[in-house]
2 protein chains.
Amino acid sequence: MLPMSEPTKIRILDSAERLFAHNGFEATSLRAIIVEARVNLASVHYYYRSKEGLIRAVLERRFAPINQERLRLLEVCQHAAGDRSPSVEQILEAFLLPMVMVGIKKSKRNSYLMQLGGRILLESGTQFERIVEDQFKEVARCFLQAFQQAMPRLAPNEIAWRMNFTIGAAAKAMFAGIPMKVLSNVLQKVDGEFEVREIASRLIGYTAAGMKAP
Amino acid sequence: MLPMSEPTKIRILDSAERLFAHNGFEATSLRAIIVEARVNLASVHYYYRSKEGLIRAVLERRFAPINQERLRLLEVCQHAAGDRSPSVEQILEAFLLPMVMVGIKKSKRNSYLMQLGGRILLESGTQFERIVEDQFKEVARCFLQAFQQAMPRLAPNEIAWRMNFTIGAAAKAMFAGIPMKVLSNVLQKVDGEFEVREIASRLIGYTAAGMKAP
DNA sequence: GTCTATATGGGGATAGAC
DNA sequence: GTCTATCCCCATATAGAC
């Protein structure tokens, strides 16, 4: 149950984000959201028109800035590289860090974003694919191009496949906030939470090796 | 709509598998299943007791043999290696091929399994995690141990993380049966379907490099 | 802007006839 | 084993008072 200090419109967004992250879009009902946010059911439709509109708003609030940051970091490292191409590691960092690193800020709200991010990356072949597509189209295009310039000898579709694998690996990293029952006995925790900096460096090490595989 | 040649119990399983693969477990209603299978709603509860029971049966039919095959292949390559450890590539093949390669058989039914497999690997932090856990506990344990023996200098939790990333990458490979809108323009298709042999070799190349990253 | 009340439909599950 | 009929709950969405 959220405090009443925030306005209704924001409380809806906060609760929706937490519950979507925790249970998925499909499994989260508007009713569950309004109970936690302590708002009226009708207010959801007043502000966001429909459940789909709410999902869109939740994703946009968090991922619009992240995707902006990704493109900014990409430009920064491209500029720093001058007329050469940035390294695969640098491109991967621009792609992965803005998303993974938000988890480092210790605020509760940001930790939901980790799981929400994981959930997004996994939404292939669902009714929400369209929403996700709209959010990430531009980023996908720019990074695909950047990888092609960094590895000109790799065929474009080979690079696309490897990016796809990278996204899957990243999604699993994002979900680390949720205890993974099968492997959890060997996964290290810090204060009951996974150490995000470690996750990020492990993820980048793994994906960089995969992207550059012979 | 399925033909009536198969008995009711099987038709339910076939339709459920296709729809679960296509739309996810949560989003697929029993009613949608019985329409396609052309059976009565009550028969689902008669044979499988509940929706959860049906999910369990669908997964077990396909993944029990696959997981058996995984363990068999692991034993084979461990035996062939004698007193040394199999290579990371060999272990990865034992882990990934039994799942990916079923897609090669051109039967329609097996192509659902690709997506179903992807969907399973993604079901972290949902109400279905328990079901998935039961199916894969043994396999996870054995392969974790195998990787540890192959890379004794890597910390166990480092290996667990890399296995987790590998599973995410594999999940994305499994979903290749569904057109990936964002990247699809550069992904190669053969006869409207992705070439599974190529996917498998790409996936193993990528994940082997990741697992062995410095 | 916020609420109550309700429309409307779909969901899983079951009783009981055949 | 199979079917009809139905229970009961929950879902999204909206109308209309305040």
Side-chain angles (χ1 to χ4, degrees), chain A residues 1-61 119 123 126-132, chain B residues 1-61 119 123 126-132:
Chain A
M1 296 259 268
L2 293 180
M4 304 292 286
S5 53
E6 299 282 329
T8 298
K9 190 175 178 181
I10 302 299
R11 288 216 309 286
I12 295 173
L13 225 45
D14 288 343
S15 292
E17 177 175 314
R18 197 188 76 79
L19 290 169
F20 285 151
H22 205 252
N23 305 318
F25 301 111
E26 185 81 24
T28 301
S29 69
L30 295 184
R31 288 182 143 79
I33 293 170
I34 62 141
V35 166
E36 183 177 296
R38 291 199 282 179
V39 301
N40 189 277
L41 176 58
S43 62
V44 177
H45 293 92
Y46 175 78
Y47 285 113
Y48 301 105
R49 271 205 25 184
S50 67
K51 184 175 180 179
E52 176 177 328
L54 176 59
I55 294 175
R56 211 173 271 273
V58 165
L59 297 185
E60 185 147 348
R61 175 172 67 156
R119 219 164 265 287
E123 289 291 344
T126 73
Q127 48 177 320
F128 306 110
E129 192 174 32
R130 181 81 175 282
I131 302 180
V132 173
Chain B
M1 297 257 270
L2 292 181
M4 303 292 284
S5 54
E6 298 284 329
T8 298
K9 191 175 178 182
I10 302 300
R11 288 216 309 286
I12 294 172
L13 226 44
D14 288 343
S15 293
E17 177 176 313
R18 197 187 77 78
L19 290 170
F20 286 151
H22 205 252
N23 305 318
F25 301 110
E26 184 83 24
T28 301
S29 68
L30 295 184
R31 289 183 151 80
I33 293 170
I34 60 138
V35 166
E36 182 177 297
R38 291 199 281 178
V39 301
N40 189 277
L41 176 58
S43 62
V44 176
H45 292 94
Y46 175 77
Y47 284 113
Y48 301 104
R49 271 204 25 186
S50 67
K51 183 175 180 179
E52 177 177 328
L54 177 58
I55 294 174
R56 212 173 269 275
V58 165
L59 297 185
E60 186 147 347
R61 176 172 66 155
R119 217 164 267 286
E123 291 289 345
T126 73
Q127 48 177 322
F128 307 109
E129 191 175 33
R130 181 81 175 281
I131 302 179
V132 173

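The chains referred to below are lettered A, B, ... by the order of the sequence lines, with proteins before strands, and numbering in each begins at 1.
A donor-acceptor distance shorter than 3.5 angstrom exists from the side chain of K51(A) to the backbone of F25(A), with no hydrogens or angles considered. Under the 3.5 Å distance criterion, the side-chain polar atoms of S50(A) are matched with a main-chain donor or acceptor of G53(A).
In this structure, of dG1(C), dC3(D), dA15(D), it is dG1(C) that holds the atom nearest to the side chain of Y47(A).
Residue S29(B) places at least one side-chain N or O under 4.0 Å from the OP1 or OP2 atom of dG11(C). Taking only side-chain nitrogens and oxygens, N40(A) never comes nearer than 4.0 Å to OP1 or OP2 of dG1(C). The phosphate of dT14(C) (OP1 or OP2) has no side-chain N or O of H45(B) nearer than 4.0 angstrom. Phosphate proximity of dT2(C) to T8(A): present, with a side-chain N or O under 4.0 Å from OP1 or OP2.
Under the side chain to side chain contact (heavy atoms under 4.5 Å, CB included) rule, L41(A) has a single partner from L30(A), I33(A), V35(A), which is L30(A).
Distance, R31(B) CZ to dC3(D) P: 15 Å, rounded to whole Å. Whole-Å rounding puts the I34(B) CD1 to dG11(C) P distance at 10 Å. The CD atom of E26(B) sits 17 Å away from the P atom of dG10(C) (whole-angstrom rounding). For the pair I12(B) CD1 and dA13(C) P, the computed distance is 13 Å after rounding to whole Å. Between L41(B) atom CG and dC7(D) atom C1' there is a gap of 13 Å when expressed in whole angstrom units. In this structure, the CG atom of L30(B) is 17 Å from the P atom of dC10(D), given to the nearest Å. Here dT2(C) presents its P atom at 7 Å from OH of Y46(A), a figure rounded to the nearest Å. The NZ atom of K51(A) sits 12 Å away from the C1' atom of dC10(D) (whole-angstrom rounding).
Here salt bridge (Lys or Arg N to Asp or Glu O under 4.0 Å) pairs that include residues 26-49 of chain B, with residues two or more places apart or in two chains, are R18(B)-E36(B).
Scanning both residues, E6(A) and R11(A), for their nearest heavy atoms gives O-NH1, 2.7 Å.
Checking A42(B) against A42(A), the closest nucleotide of DNA chain D that is more toward the 5' end is the one next to A42(B).
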